[in-house]
Amino acid sequence: MPKDLPPTLLRTDWTRAETEAIYHKPFMDLLYQAQTVHRAHFDPNQVQMSRLLSVKTGGCAEDCSYCSQSAKNGATLPASKLMEVERVISEARKAKAAGATRYCMGAAWREPKDRDMAAIEAMVRGVRDLGMETCMTLGMLSDSQVLRLRDAGLDYYNHNIDTSESFYPEVITTRTFADRIDTLVRVREAGIKVCSGGILGMGETAGDRIDMLLALATLPEHPESVPINMLIPMADTPLAKADPVNPIDFVRVVALGRILMPASYLRLSAGRTGMSDEMQALCLFAGANSLFMGNRLLTAANPEEDRDRQLFAKLGLRPEPLAAGCIGV
Ligand code: SAM
Ligand code: DTB
Ligand code: SF4
């Protein structure tokens, strides 16, 4: 698919002032700029489809205040064992048949134990052998664990910074923002593609949202994938009663993400069940070009496949075929 426009320069030297100015532009100007950048790098009518599976659920030692899986939140979700490798591969096969090209496997761990690594590697190899892209999100990683994942052929590692550095301690106290960046650096140095984004709706300000995107866009290389989650308020967590995000503010963040990181896949991630078709259409116009498909995320619901099929038909969207990739760089 030929691109409409010449690719924009990928910059990692964005300043706070210029980023803030972009965010606060008149909405129509912001969306026009984001869509223009988007068209220079991607087919605007194509959406990358990922599917998530929780391979180890609940009982997590971290205290992330948004998460249903933290043992410290008073959340009641029971801890499961690591899923059997064969079951993971058979779920991935179903996801592929339904049109997913990337399979993301998540574990409720602060960090993996070395004794679990052989099974994790077998999951990566098995899903790769199906011809899907692989993504894992397992918490913090040691040097040797990163290398083992790389050698198993892992394509992406998801590790979200979630919010700004200054708001981070309000959300999580069992690790620091710097811990998160350390793992991202290790993943990048090993040659695994980086997936990192955050959550809107945890009580953060517009400034925190801008700072979160700025932190990602000023890494030495942009993450190849940037998930933007809308908080799903989970019962029994400290954020169960958080105020919902204003949809226009949400779209502004997506547009800013697209402008700062023109060639990255921007994923409209958690929270789509609570979004209207119109809001999702605006997010996709603002430059989001990846979705989680299927009716389950990790522990929470996601739109039914039928609803997404109808949305795609209404908007004339197509799922991105595997390896079509970014066309601008
Ligand atoms: N334990 C690993 C970690 O924290 O990196 C992997 C799994 S964790 C559930 C992955 C990401 O899901 C979090 O970083 C967060 O951005 C997102 N997430 C978790 N709970 C959420 C919720 N209730 N609403 C929106 N996003 C959520
Ligand atoms: C991401 O940014 N969002 C996904 C994935 N990366 C791992 C997770 C969303 C989780 C939503 C809440 C749940 O299902 O428990
Ligand atoms: Fe654990 Fe990840 Fe949930 Fe935090 S977000 S409590 S690290 S599963």
Side-chain angles (χ1 to χ4, degrees), residues 50-75 77 79-80 82 102-113 116 120 134-141 145 156-163 167-168 171-177 179-184 187 194-204 212 216 223 225-242 244-245 250 257 264-275 288 290-303:
S50 298
R51 173 91 208 210
L52 254 179
L53 177 70
S54 180
V55 299
K56 191 269 164 190
T57 308
C60 184
E62 303 271 25
D63 71 351
C64 311
S65 53
Y66 47 78
C67 188
S68 60
Q69 306 198 66
S70 164
K72 306 217 162 143
N73 273 343
L77 198 72
S80 75
L82 186 60
R102 192 180 305 171
Y103 205 61
C104 308
M105 296 157 270
W109 284 329
R110 176 176 164 80
E111 69 264 299
K113 298 212 166 47
D116 291 318
I120 293 288
T134 52
C135 180
M136 284 270 174
T137 179
L138 313 169
M140 292 183 263
L141 297 175
Q145 289 170 337
Y156 289 84
Y157 195 73
N158 165 252
H159 201 63
N160 290 343
I161 61 168
D162 280 325
T163 192
F167 194 63
Y168 203 81
V171 180
I172 301 153
T173 68
T174 48
R175 59 170 187 257
T176 65
F177 189 86
D179 290 332
R180 242 19 207 181
I181 300 287
D182 279 354
T183 295
L184 290 177
V187 167
V194 170
C195 173
S196 188
I199 309 182
L200 309 193
M202 303 186 294
E204 73 285 345
M212 175 183 84
L216 296 170
S225 251
V226 179
I228 309 287
N229 296 277
M230 186 169 82
L231 177 75
I232 302 177
M234 304 299 281
D236 300 329
T237 65
L239 289 172
K241 301 220 172 344
V245 189
F250 191 96
S264 302
Y265 281 84
L266 209 55
R267 186 171 310 115
L268 185 54
S269 299
R272 287 200 300 118
T273 330
M275 293 180 195
S290 171
L291 297 175
F292 283 122
M293 57 174 292
N295 63 359
R296 185 137 296 271
L297 294 164
L298 293 171
T299 70
N302 197 46

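Predicted model only: the values in this text are computed from it and were never measured. Order of listing sets the numbers, starting from 1, for every ligand and every atom in it.
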Can you list the steps and then say if Val245 with Leu231 is a side chain to side chain contact (heavy atoms under 4.5 Å, CB included)?
CA-CA 8 Å; Val245 189; Leu231 177 75; 5.9 Å; no
Test log, rule side chain to side chain contact (heavy atoms under 4.5 Å, CB included), inputs Met234 and Thr299:
CA-CA 10 Å; Met234 304 299 281; Thr299 70; 3.4 Å; yes
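In terms of polar-atom proximity, Arg180 is counted as a contact of ligand 1, with an N or O under 3.5 Å from an N or O of the ligand. Taking distance alone, with nitrogen or oxygen atoms compared against 3.5 Å, Asn160 approaches ligand 1 more closely than that limit. For ligand 1, the polar-atom distance check finds no N/O of Gln69 at less than 3.5 Å from any of the ligand's N/O atoms. Taking only nitrogen or oxygen atoms, main chain and side chain alike, Asn229 reaches within less than 3.5 Å of ligand 2. When only interatomic distances are considered, the shortest N/O to N/O separation between Leu298 and ligand 2 falls below 3.5 Å. At least one N or O atom of Asn160 sits closer than 3.5 Å to an N or O atom of ligand 2. At least one N/O-N/O distance between Ala107 and ligand 1 falls below 3.5 Å.
Below 4.0 Å from some heavy atom of Pro227 lie the following atoms of ligand 2, by number and element: 2 (O). Listed by number with element, the atoms of ligand 1 under 4.0 angstrom from any heavy atom of Met234 are 23 (N). Atoms of ligand 2 found under 4.0 Å from any heavy atom of Asn158 (numbered from 1 in listed order, with element): 6 (N), 7 (C). Residue contact check: Ala108 has heavy atoms under 4.0 Å from atoms 8 (S) of ligand 3. Those atoms of ligand 2 with a heavy atom of Leu52 less than 4.0 angstrom away are 4 (C), 7 (C), 8 (C).
Under the 4.0 Å distance rule, the nearest protein heavy atom to atom 2 (Fe) of ligand 3 falls outside the cut-off.
Ranking protein heavy atoms by distance to atom 24 (N) of ligand 1, first place goes to Ile232 N, 2.9 Å. With respect to atom 15 (O) of ligand 2, the closest heavy atom belonging to the protein is Thr299 OG1, 2.5 Å. With hydrogens left out, the protein atom closest to atom 21 (C) of ligand 1 is Tyr66 CD1, 3.8 Å, a heavy atom. The protein atom (non-hydrogen) at minimum distance from atom 8 (S) of ligand 1 is Leu298 CD1, 4.4 Å. Protein heavy atom closest to atom 12 (C) of ligand 2, with residue, atom name and distance, is Ala300 CB, 4.0 Å. Nearest to atom 7 (C) of ligand 1 among the protein's heavy atoms is Thr137 OG1, 4.0 Å. Considering only non-hydrogen protein atoms, atom 16 (O) of ligand 1 sits nearest to Asp162 OD1, 2.6 Å. If you check which protein heavy atom lies closest to atom 10 (C) of ligand 1, you get Asn158 OD1, 4.2 Å. In terms of protein heavy atoms, atom 4 (Fe) of ligand 3 is closest to Cys64 SG, 2.2 Å.
For atom 1 (Fe) of ligand 3, the set of nearby N, O or S atoms under 2.8 Å includes none belonging to Cys67.
Between the side chains of Arg102 and Ser225, a donor-acceptor pair is found at a separation under 3.5 Å. For the residue pair Tyr66 and Asn229, no side-chain donor N or O sits within less than 3.5 Å of a side-chain acceptor on the partner.
The closest approach between Phe292 and ligand 2 falls below 4.0 Å for a heavy atom of the residue. Heavy-atom separations between Met230 and ligand 1 include at least one value shorter than 4.0 Å. Not a single heavy atom of Lys72 lies less than 4.0 angstrom from ligand 3.
Between the side chain of Asn73 and the backbone N or O of Cys67, at least one donor-acceptor pair lies under 3.5 Å. Listed for the Glu204 side chain is no donor-acceptor partner under 3.5 Å among the backbone atoms of Phe167. Side chain of Asp63 to backbone of Thr173: a donor-acceptor contact under 3.5 angstrom is found.
Nearest heavy atoms, Met275 versus Ala270: CE-O, 4.4 Å.
Summarising the contacts of atom 27 (C) of ligand 1 with Leu52, Leu239, Ile199, Leu231, the nearest heavy atom is found in Ile199.
Looking at heavy atoms from C-beta onward, Leu138 lies in side-chain contact with Tyr157 at the 4.5 angstrom threshold.
Neither the backbone nor the side chain of His159 has any atom closer than 4.0 Å to an atom of ligand 3 (non-hydrogen atoms only).
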